[in-house]
Protein chains: 2
Amino acid sequence: MSDEIRITKKERDALIILGNHIDEEFPVRLVDISDEMSLKPPTILNLLKRLEDKGYVEREKGMTVLTKSGISRYREIVENHRILETLMVKNGMDLDRACLISENIDFLIDHESIDNIFEKIGKPSKCPHGRKIEQFHE
Amino acid sequence: MSDEIRITKKERDALIILGNHIDEEFPVRLVDISDEMSLKPPTILNLLKRLEDKGYVEREKGMTVLTKSGISRYREIVENHRILETLMVKNGMDLDRACLISENIDFLIDHESIDNIFEKIGKPSKCPHGRKIEQFHE
DNA sequence: CTGACATATTAGGTAAATACTAATAAGATT
DNA sequence: AATCTTATTAGTATTTACCTAATATGTCAG
């Protein structure tokens, strides 16, 4: 428990972008991530190399793919995000604010703990944005 | 709103230590913080200089004092901490885990937002540790 | 197949945050 | 005054997070 590999906010952001594009026909290119994050390609390359070191990403010939571990970390973060958002909105916070805050903490909290909260608040099927909260794990 | 000066986790930790000692007869010395944080004095000095730049601390002749702004930031973080802890424990999380998580996020979230939550959950007077949750602001 | 253009990579540089050791300065205490 | 404890300075290293400029690698039109 809580043995998740530490990532930074930027690494989180890149991971999310990679995960969000996972079902698309064409893989995300460096320039795409570069555009989405408003950072220059060399900066992104650097970021991706760190994600590679952490085992979340594999790269060859300009292609970047999430590894199994990367996919499951991505899913955990997204799920954390939606559950935290739900919890905050349920407790009086404005949706936009909740989303912004969640972005800054969803990758810092271990998924197991968030999962407990999910159970406790009655396994809501959707976050306040209307997006599905799935239980990804087997 | 949300115009709080960005601080890092280490800066937060030092701020908390300074705040916790505020009522004591003798001021906290560098070595004290050094001991409490298990970091060498030069590292702490560096940290304090950054807090000074951010206007949270004033230093002269080895003495370190929180400024007005430092005190109020300290209080906001402590309050954030206790409210977040309360929220998490109320929603099924183990107290120790909640405390640990709260430590990592209490300084990242603007106090106004947390205050909304506080109102919504019925202004509990104590956190799960039994410590007072006060409304410090006028 | 060959330029031209787009994209990726390398190289090299900067800055902030986080640490350290070793040396020096300043205070306090005996 | 000598000693001991603290504080400070100087110098070094690593990680994250950026950049520009140069080079390499594709790719696609003709």
Side-chain angles (χ1 to χ4, degrees), chain A residues 4-18 21 24-67 70 73-74 77 103-108, chain B residues 4-18 21 24-67 70 73-74 77 103-108:
Chain A
E4 271 148 12
I5 294 160
R6 275 201 157 287
I7 58 173
T8 65
K9 175 63 161 47
K10 293 292 175 177
E11 286 163 3
R12 175 240 182 237
D13 290 343
L15 207 56
I16 293 296
I17 289 171
L18 287 166
H21 284 273
E24 280 164 28
E25 195 182 345
F26 301 109
V28 210
R29 294 162 311 161
L30 210 52
V31 261
D32 300 328
I33 309 179
S34 173
D35 284 350
E36 283 195 52
M37 294 183 70
S38 301
L39 294 170
K40 302 293 171 191
T43 303
I44 302 299
L45 199 58
N46 209 275
L47 206 50
L48 293 180
K49 279 176 182 167
R50 258 158 34 219
L51 284 174
E52 200 177 13
D53 290 342
K54 292 177 182 176
Y56 288 143
V57 136
E58 261 164 20
R59 300 181 32 73
E60 48 182 293
K61 292 189 242 151
M63 302 287 102
T64 306
V65 205
L66 285 179
T67 60
R73 185 67 192 264
Y74 162 75
I77 294 172
E103 238 169 61
N104 284 291
I105 64 177
D106 56 16
F107 66 103
L108 294 173
Chain B
E4 271 150 8
I5 295 161
R6 275 200 154 287
I7 58 171
T8 65
K9 175 64 161 48
K10 293 293 176 177
E11 286 162 6
R12 175 242 182 237
D13 290 343
L15 206 57
I16 294 296
I17 289 172
L18 287 167
H21 284 273
E24 281 165 26
E25 195 182 345
F26 301 110
V28 211
R29 294 163 308 161
L30 209 53
V31 262
D32 299 328
I33 308 179
S34 172
D35 284 349
E36 282 194 51
M37 294 183 70
S38 302
L39 293 170
K40 303 292 171 191
T43 303
I44 301 300
L45 198 59
N46 208 277
L47 205 50
L48 293 180
K49 279 176 181 166
R50 258 157 34 219
L51 284 174
E52 200 178 14
D53 289 343
K54 291 178 182 174
Y56 289 143
V57 135
E58 262 165 18
R59 299 179 35 70
E60 48 182 293
K61 291 191 240 147
M63 301 287 102
T64 306
V65 205
L66 285 179
T67 61
R73 184 67 191 265
Y74 161 76
I77 294 173
E103 240 169 60
N104 284 291
I105 64 178
D106 55 18
F107 65 103
L108 295 173

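In the text below, chain A, chain B and the rest are named by the order of the sequence lines, each starting its count at 1. Side-chain atoms are counted along with the backbone in the values below, which use heavy atoms only and exclude waters and symmetry mates.
Proximity of B/Leu48 to B/Ile33: side-chain heavy atoms (C-beta onward) are separated by under 4.5 Å at one or more points. Inter-residue side-chain proximity for B/Thr67 and B/Val57 is flagged as unmet; no heavy-atom pair is nearer than 4.5 Å.
For B/Lys49 and C/dA16, the NZ to P distance is 15 Å, given to the nearest whole Å. Rounding to whole angstrom units, CG of residue A/Asp35 and C1' of C/dA8 are separated by 14 Å. Separating the CD1 atom of B/Ile33 from the P atom of D/dT8 is a distance of 11 Å, rounded to the nearest angstrom. The nearest whole Å value for the distance from the CE atom in A/Met37 to the P atom in D/dT16 is 14 Å. For the pair B/Asp32 CG and D/dT5 P, the interatomic distance rounds to 15 Å; values are reported in whole Å. Atom CG in A/Leu47 sits roughly 11 Å away from atom P in D/dC19 (whole-Å rounding). Atoms CZ (B/Arg29) and P (C/dA28) sit 12 Å apart, rounded to a whole Å. Atom pair A/Glu11:CD and D/dC18:P shows a separation of 11 Å (rounding to whole Å applied).
Every residue two or more places apart in sequence or in another chain that forms a side chain to side chain donor-acceptor pair (under 3.5 Å) with B/Asp13 is listed here: B/Lys9. Under the salt bridge (Lys or Arg N to Asp or Glu O under 4.0 Å) criterion, B/Lys10 pairs with no residue, sequence neighbours left out. Residues passing the side chain to side chain donor-acceptor pair (under 3.5 Å) test with B/Glu103: none are found, sequence neighbours excluded.
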Below 3.5 Å, can you tabulate the donor-acceptor pairs from side chains in residues 34-44 of chain B to any protein atom, sequence neighbours excluded?
from: B/Ser34; atom 1: OG; to: B/Leu39; atom 2: O; distance (Å): 2.4
from: B/Glu36; atom 1: OE2; to: B/His21; atom 2: NE2; distance (Å): 2.5

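A sub-4.0 Å separation between OP1 or OP2 of C/dA16 and a side-chain N or O of B/Thr8 is absent.
Remark: A/Arg29 engages A/Asp32 in a salt bridge, criterion side-chain N to carboxylate O under 4.0 Å.
With A/Lys49 as the partner, the side-chain contact (heavy atoms from CB on, under 4.5 Å) test is satisfied by one option alone out of A/Leu45, A/Asn46, A/Leu51: A/Leu45.
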Report summary line: Reading nucleotides 20-25 of chain C from 5' to 3' and marking B where a protein heavy atom lies under 4.0 Å of the base, S where only the sugar-phosphate is that close, and - otherwise, the string is BBB---

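You'll find that the side chain of A/Leu45 is closest to C/dT9, out of C/dA19, D/dT9, C/dT9. The side chain of A/Leu30 has C/dA8 as its nearest neighbour among C/dA8, C/dA19, D/dA17.
B/Lys54 places no side-chain N or O within donor-acceptor distance of the main-chain N or O of B/Gly70, the cut-off being under 3.5 Å.
Residues of residues 53-66 of chain A having a heavy atom closer than 4.0 Å to DNA chain C, listed by number: A/Arg59, A/Gly62.
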